[in-house]
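Just so we're on the same page: letters track the sequence lines, and every chain starts at 1.
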Amino acid sequence: MTEQDTFPRRIWQIVAAIPYGKVTTYGDIARLAGSPRAARQVGGVLKRLPAGSKLPWHRVINRLGEISLTGADLDRQRQALLAEGVEVDHNGKIALERYRWQG
DNA sequence: AAACTGACTGTTA
DNA sequence: GTAACAGCCAGTT
């Protein structure tokens, strides 16, 4: 097996496992990936996703239950979440206790 | 190799 | 409720 075990690959695998209609946080993904202090790097991986990726990156939000993106990007993520039934207010705030995914 | 960057988080005030 | 700071650590220059 020539498969490498790189940080981005672990992140991609975890994000791919977030169920439809659920969300999780950067910190939780980092913890599941085995680098509990690498929440920032999780954001870095998602930011650099290959164009055309089918990963549900929009299901990842911050620990306060808010979308971390701004401007047009925030709006895109909000629309993607609304489209799968996640309630997001106009500021990008989500009821984390209600939609949180526990891997 | 070294410096810089940042889709984060916890603490402090 | 806000804002400022300091750790954090993998990717990019």
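Projected onto DNA chain C by closest heavy-atom contact, Arg37(A) and Arg48(A) fall at different nucleotides, the more 5' of which corresponds to Arg37(A).
Between atom CZ of residue Arg31(A) and atom OG1 of residue Thr25(A) there is a gap of 7.5 Å, rounded to the nearest 0.5 Å.
Looking at heavy-atom distances under 4.0 Å, Gly44(A) makes no contact with the nucleic acid at all. Base engagement by Tyr26(A) is indicated by at least one non-hydrogen atom pair under 4.0 Å involving a base atom.
Atom CZ in Arg31(A) sits about 14 Å away from atom C1' in dT9(B), given to the nearest Å. In this structure, CG of Asn91(A) is placed 15 Å from C1' of dT2(C), rounded to the nearest angstrom. Summarising the geometry, the separation between CG on Asp73(A) and P on dG6(B) is reported as 14 Å, rounded to the nearest angstrom. Going from atom NZ of Lys93(A) over to atom C1' of dG1(C) covers 12 Å, rounded to whole Å. Atom-to-atom, CD1 of Ile61(A) to C1' of dT9(B) comes out at 14 Å; the value is rounded to the nearest Å. A straight line from NZ of Lys47(A) to P of dA7(B) spans 4 Å, rounded to a whole angstrom. Note: CG (Leu49(A)) to P (dT12(C)) measures 12 Å, nearest angstrom. Rounded to whole Å, the distance from CZ on Arg76(A) to P on dA7(B) is 14 Å.
A 3.5 Å limit on both hydrogen-bonding distances identifies no Watson-Crick or G-U partner for dA7(B).
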Pair Trp57(A), Leu49(A) - check side-chain contact (heavy atoms from CB on, under 4.5 Å), show working.
CA-CA 9 Å; Trp57(A) 57 269; Leu49(A) 280 181; 3.8 Å; yes
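Among the nucleotides dG6(B), dG10(B), dC8(B), the one closest to any side-chain atom of Arg63(A) is dG10(B). Nearest nucleotide to the Gln41(A) side chain, out of dT9(B), dA10(C), dA7(B): dA10(C). Of the candidates dC8(B), dT9(B), dG11(C), the closest approach to any side-chain atom of Ser68(A) belongs to dC8(B). Listed nucleotides: dT9(B), dA7(B), dG7(C). Nearest to the side chain of Arg40(A): dG7(C). Here dT9(B) is the nucleotide among dC9(C), dA7(B), dT9(B) with the atom lying nearest to any side-chain atom of Asn62(A).
One finds no salt bridge joining Glu84(A) and Lys22(A) here, because no Lys/Arg side-chain nitrogen approaches an Asp/Glu carboxylate oxygen to under 4.0 Å.
Residues satisfying the side-chain hydrogen bond (donor to acceptor under 3.5 Å, both in side chains) criterion with Glu66(A), sequence neighbours excluded, are absent altogether.
For Gln79(A), the CD atom sits in a packed shell: over 12 heavy atoms of surrounding residues, nucleotides or ligands are nearer than 6.0 Å.
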